[in-house]
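In what follows, a single structure is set out as structure tokens and then discussed.
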Amino acid sequence: MDTESDPENVLMDWALLDRLVVGIGEVAEITGVSKRKLRYWQEKGVIEPVDDAEGATRRFDYLNIKKVLLVKELVDEGYRLDAAQEKVEERMRTLSEAFSKLAK
DNA sequence: GTTCTCACA
DNA sequence: TGTGAGAA
């Protein structure tokens, strides 16, 4: 498929990103955050797996992966987990507002 | 491969 | 705040 040449298909790729969900192992590899820590962060409310039909294994969407990356950076800088979480949520909130303005 | 819990620092 | 181990 040549998504490069067709602007509409480029937008389709963003729609696909919304549905991109990966297991905890992949997230751990990509972000460099251990699976154990990811479960811990989930417990702390930093991230929430997609709560689809399935019941057993966690699956995280790309927004959660972004969150992990952002929180990881802040925590590495010395922020406490809950403080880092607040910063990230607020930042994603404002970004989302900006995007919705652009989308009108 | 994943889940949870208990204990520990 | 984060880990290791064990069992499922």
Side-chain angles (χ1 to χ4, degrees):
Chain A
M1 352 150 188
D2 57 317
T3 55
E4 314 292 319
S5 55
D6 186 347
E8 289 195 53
N9 280 333
V10 171
L11 292 177
M12 284 293 286
D13 289 344
W14 284 106
L16 285 178
L17 263 190
D18 276 325
R19 293 156 187 223
L20 209 199
V21 287
V22 299
I24 194 174
E26 291 288 332
V27 179
E29 275 193 23
I30 296 170
T31 62
V33 177
S34 71
K35 294 186 284 186
R36 192 65 182 68
K37 194 181 291 189
L38 286 171
R39 292 191 201 101
Y40 178 69
W41 283 10
Q42 177 198 346
E43 197 176 346
K44 285 299 170 181
V46 176
I47 50 181
E48 202 60 38
V50 309
D51 71 316
D52 255 304
E54 144 287 331
T57 66
R58 298 169 174 76
R59 331 196 86 221
F60 298 95
D61 60 20
Y62 82 113
L63 282 175
N64 277 301
I65 298 177
K66 278 185 179 178
K67 257 189 197 176
V68 171
L69 256 9
L70 265 8
V71 169
K72 172 186 160 61
E73 285 180 28
L74 293 176
V75 166
D76 285 346
E77 287 174 23
Y79 284 85
R80 277 173 40 216
L81 189 56
D82 49 18
Q85 176 188 0
E86 282 183 33
K87 281 225 163 212
V88 168
E89 306 240 306
E90 183 182 325
R91 193 148 156 248
M92 304 229 317
R93 203 199 72 234
T94 52
L95 284 175
S96 149
E97 284 175 11
F99 270 121
S100 52
K101 287 180 183 175
L102 286 175
K104 288 186 200 175

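All values reported here derive from a predicted model rather than from experimental measurement. Note on naming: letters A, B, ... go to the chains in the order of the sequence lines (proteins, then strands), and numbering restarts at 1 for each one.
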From CD of A:Gln42 across to P of C:dG2 the rounded distance in Å is 15 Å

Which of these, A:Glu90, A:Met92, A:Glu86, sits in a side chain to side chain contact (heavy atoms under 4.5 Å, CB included) with A:Val88? A:Met92

Nearest-Å distance, NZ (A:Lys35) to C1' (C:dG2)? 16 Å

Could you check how far NZ of A:Lys37 sits from P of C:dG2, rounded to whole Å? 5 Å

Name the closest nucleotide to the A:Ile24 side chain, picking from C:dG2, C:dT1, B:dT2. B:dT2

Give the minimum heavy-atom separation between A:Val46 and A:Lys67, together with the two atoms involved. O-CD, 3.4 Å

B:dT5 C1' sits how many Å from A:Tyr40 OH, rounded? 15 Å

Could you check whether A:Lys44 gets within reach of a base, just the sugar-phosphate, or nothing at all, counting any heavy atom under 4.0 Å? nothing

What is the distance, to the nearest angstrom, from the CD atom on A:Glu29 to the C1' atom on B:dT2? 15 Å

Charged N-O contact under 4.0 Å between A:Glu43 and A:Arg39: no

Value in whole Å for how far the C1' atom of C:dT1 lies from CD of A:Gln85: 14 Å

Quick check on DNA chain B: between A:Ala56 and A:Arg36, whose nearest nucleotide comes earlier from the 5' end? A:Ala56

Check this one for me: any side-chain N or O of A:Thr57 less than 4.0 Å away from OP1 or OP2 of B:dG1? no

Identify whether any heavy atom of A:Arg39 sits under 4.0 Å from a base atom; if not, whether one sits that close to sugar-phosphate; answer base, sugar-phosphate or nothing. base

Find the distance between OG1 (A:Thr31) and CG (A:Leu70) and round it off to the nearest 0.5 Å. 12.0 Å

Inter-residue atom distance A:Gln85.CD - A:Arg80.CZ, 0.5 Å rounding: 11.5 Å

Look at A:Trp41 and C:dG2 and indicate whether a side-chain polar atom (N or O) is within less than 4.0 Å of OP1 or OP2. yes

A:Asp82 side-chain proximity, nearest of C:dG2, C:dT1, B:dT2: C:dT1

Quickly work out the A:Lys72 NZ to C:dG2 C1' distance and round it to whole Å. 13 Å

Has A:Arg58 got a side-chain N or O lying under 4.0 Å from the OP1 or OP2 atom of B:dC4? yes

For atom CD of A:Glu43 and atom C1' of B:dT3, their distance in whole Å: 13 Å

